[in-house]
There are 2 protein chains.
Amino acid sequence: MSSASESLQPLSVSLSPQERFEEYLQTRGLRQTSQRKFLIDAVFSEHDHFDADELIDRLPRRGQENYVSSATVYRTLREFVDAGLLKSFQLDGRTVYELDYGYPAHDHLYCTRCRKLIEFQSEPLVQIRDEVAAEMGFRVSGHRMIVQGVCKDCGKARRKKRKQDLV
Amino acid sequence: MSSASESLQPLSVSLSPQERFEEYLQTRGLRQTSQRKFLIDAVFSEHDHFDADELIDRLPRRGQENYVSSATVYRTLREFVDAGLLKSFQLDGRTVYELDYGYPAHDHLYCTRCRKLIEFQSEPLVQIRDEVAAEMGFRVSGHRMIVQGVCKDCGKARRKKRKQDLV
DNA sequence: ATGACTGCAAACACTTTGCAGCTCG
DNA sequence: CGAGCTGCAAAGTGTTTGCAGTCAT
């Protein structure tokens with residue numbers, strides 16, 4: 001039995017993302033800046049997948065309060081990944097980010113119709129991964145799996161549409 | 001038991017890649033050209049993963065016999081994917097191609113040390129994928145899994161090096 | 001103060017595209 | 001002959017980088 005679920009539960013963590021990042025910065029002699037504080041809030045207020053462009057879109061524009069240049073957004077996203085706050089992966093040519101800190105490991109179903117990413121967890125999947133790797137003398141550090149197809153909603157919509165077409 | 005293996009066996013197919021592609025072109029009113037013929041040979045002579053740049057590198061240069069412009073290489077690679085001859089996926093920002101026609105479905109271990117892609121097949125993996133998808137009402141059309149880590153050889157090399165460091 | 005950070009613009013790597021001429025069917 | 005193809009160069013993406021001024025510590 002696989003442990004798929006519609007929405008994943010956050011893990012309980014002792015430090016907030018902000019605190020965690022502060023720690024990360026301090027141990028490396030890096031600095032707290034208003035941009036970094038603002039970005040961490042922006043990123044952790046949305047519990048969804050996003051790419052740099054989407055993030056920039058919902059940030060203040062040039063000239064407005066709290067504007068952050070795209071260069072800094074790109075730079076900071078990479079820092080968040082280094083700090084273990086975010087995970088990133090490639091999808092359709094661009095880099096997609098998602099929460100990592102305080103969030104359980106999981107994989108994705110990708111609906112090619114509505115381009116939605118749906119999360120799932122499967123312990124057996126990880127077991128098989130490790131078995132295969134062990135057989136081949138490969139030391140696993142992680143993996144990325146994306147299942148393409150059509151999600152429930154789009155499947156429904158499609159069937160409905162077909163019925164209408166017949167009328 | 002997973003069916004991992006060091007090297008995958010080609011499937012037996014009734015048409016050669018060339019014939020298959022010819023068929024594809026004809027059914028769509030597209031044309032056989034010397035460039036397309038040359039590229040299909042170049043691609044199917046190497047049974048390895050490659051990106052557009054690597055392919056272009058081992059092709060004749062501008063001015064030489066059988067030169068093909070990079071624009072055409074990119075265009076043709078996409079056609080090969082459409083025709084079901086090649087598969088493509090993203091790795092480290094670039095598009096990686098591999099044989100699909102006459103080659104069994106498989107997944108990859110990716111060595112982050114030597115950047116080698118190692119193939120494996122696992123039937124249980126596919127079963128679990130389908131179970132999870134079914135539970136979530138998702139119609140699967142395919143998947144892509146990449147396991148990151150360190151391969152056997154690099155693991156060896158590393159251990160050796162560590163021993164030496166101790167001397 | 002001083003080294004890190006930011007914004008800007010330019011550079012980048014990879015890929016796609018417009019166009020004029022060439023070629024297959 | 002005409003639609004499709006190719007090479008070229010230019011244009012696009014998405015992302016990174018050099019630099020000069022600014023700011024946190």
Side-chain angles (χ1 to χ4, degrees), chain A residues 18 21-40 42-43 49-83 86 88-97 115, chain B residues 18 21-40 42-43 49-83 86 88-97 115:
Chain A
Q18 289 83 348
F21 191 53
E22 214 162 314
E23 195 178 76
Y24 168 87
L25 293 174
Q26 280 174 1
T27 61
R28 317 207 167 197
L30 304 178
R31 291 170 184 177
Q32 276 281 41
T33 66
S34 59
Q35 289 89 338
R36 302 220 247 236
K37 269 183 238 167
F38 186 77
L39 285 177
I40 212 166
V43 162
H49 306 88
F50 62 92
D51 61 24
D53 223 48
E54 285 160 6
L55 176 58
I56 290 167
D57 269 359
R58 29 177 255 262
L59 256 32
R61 315 273 156 196
R62 197 176 338 203
Q64 292 183 278
E65 184 80 29
N66 283 323
Y67 167 71
V68 182
S69 71
S70 358
T72 295
V73 171
Y74 277 104
R75 279 189 281 239
T76 307
L77 285 175
R78 270 192 296 161
E79 288 174 333
F80 287 171
V81 172
D82 280 357
L86 296 182
S88 71
F89 56 103
Q90 307 278 137
L91 188 63
D92 290 341
R94 66 210 206 292
T95 304
V96 177
Y97 295 87
R115 323 221 122 189
Chain B
Q18 289 83 348
F21 191 54
E22 216 162 310
E23 196 178 78
Y24 167 88
L25 292 174
Q26 281 175 3
T27 60
R28 317 208 168 195
L30 304 178
R31 290 172 185 176
Q32 274 282 40
T33 66
S34 59
Q35 289 89 336
R36 301 220 248 235
K37 269 183 239 168
F38 186 75
L39 285 177
I40 212 166
V43 162
H49 305 89
F50 62 92
D51 61 24
D53 222 49
E54 285 161 6
L55 176 58
I56 291 168
D57 269 358
R58 30 176 253 261
L59 256 32
R61 316 272 155 195
R62 195 176 339 202
Q64 289 183 281
E65 185 83 31
N66 283 322
Y67 167 71
V68 182
S69 71
S70 358
T72 295
V73 172
Y74 278 104
R75 280 190 280 240
T76 308
L77 285 175
R78 270 191 296 165
E79 289 173 333
F80 287 171
V81 172
D82 280 357
L86 295 183
S88 70
F89 56 103
Q90 307 278 137
L91 188 62
D92 290 342
R94 67 211 207 290
T95 304
V96 176
Y97 296 88
R115 324 221 121 187

Task: Worked check of side chain to side chain contact (heavy atoms under 4.5 Å, CB included) between B:Arg78 and B:Val81 - done: CA-CA 5 Å; B:Arg78 270 191 296 165; B:Val81 172; 5.6 Å; no
Open item on the list: I need the CZ-P distance between B:Arg36 and D:dG7, as an integer number of Å.
Closed with: 11 Å
Open item on the list: Working note: A:Thr95 + A:Gln90, criterion side chain to side chain contact (heavy atoms under 4.5 Å, CB included); need CA distance, chi angles, decisive distance, verdict.
Closed with: CA-CA 5 Å; A:Thr95 304; A:Gln90 307 278 137; 3.5 Å; yes
- [ ] Check the pair B:Leu91 / B:His49 against side chain to side chain contact (heavy atoms under 4.5 Å, CB included), numbers first and verdict last.
- [x] CA-CA 11 Å; B:Leu91 188 62; B:His49 305 89; over 6 Å; no
Task: Toward the 5' end of DNA chain C, by each residue's nearest nucleotide, B:Gln32 or B:Asp51 - done: B:Asp51
Task: Separation of atom OH in A:Tyr97 from atom P in D:dG14, rounded to whole Å - done: 13 Å
Open item on the list: Between A:Gln32 and A:Glu22, does the side chain to side chain contact (heavy atoms under 4.5 Å, CB included) criterion hold? Intermediate values first, please.
Closed with: CA-CA 7 Å; A:Gln32 276 281 41; A:Glu22 214 162 314; 3.2 Å; yes
- [ ] Between B:Gln90 and A:Thr33, just flag the one whose closest nucleotide in DNA chain C comes earlier from the 5' side.
- [x] A:Thr33
Without placing hydrogens or testing angles, list every side-chain donor-acceptor pair under 3.5 Å for residues 55-63 of chain A, not counting sequence neighbours.
from: A:Arg58; atom 1: NH2; to: A:Ala42; atom 2: O; distance (Å): 2.8
from: A:Arg61; atom 1: NH2; to: A:Asp57; atom 2: O; distance (Å): 2.8

Task: chain B footprint on DNA chain C, 5' to 3' - any atom under 4.0 Å from a heavy atom - done: C:dC14 to C:dG25
- [ ] Could you tell me whether a side-chain N or O of A:Glu54 sits under 3.5 Å from a main-chain N or O of A:Asp51, the two making a donor and an acceptor?
- [x] yes
- [ ] Could you check whether the rings of A:Phe50 and A:Tyr97 sit parallel, tilted or perpendicular, using 30° and 60° as the cut-offs?
- [x] parallel
Open item on the list: Would you compute the distance between atom CZ of B:Phe80 and atom OH of B:Tyr24 and round it to the nearest 0.5 angstrom?
Closed with: 10.0 Å
Task: 5' precedence on DNA chain D between A:Leu30 and B:Arg28 (nearest-nucleotide basis) - done: B:Arg28
Open item on the list: So if I take residues 58-83 of chain B and measure heavy-atom distances to DNA chain C, which residues fall below 4.0 Å?
Closed with: B:Ala71, B:Tyr74, B:Arg75, B:Arg78
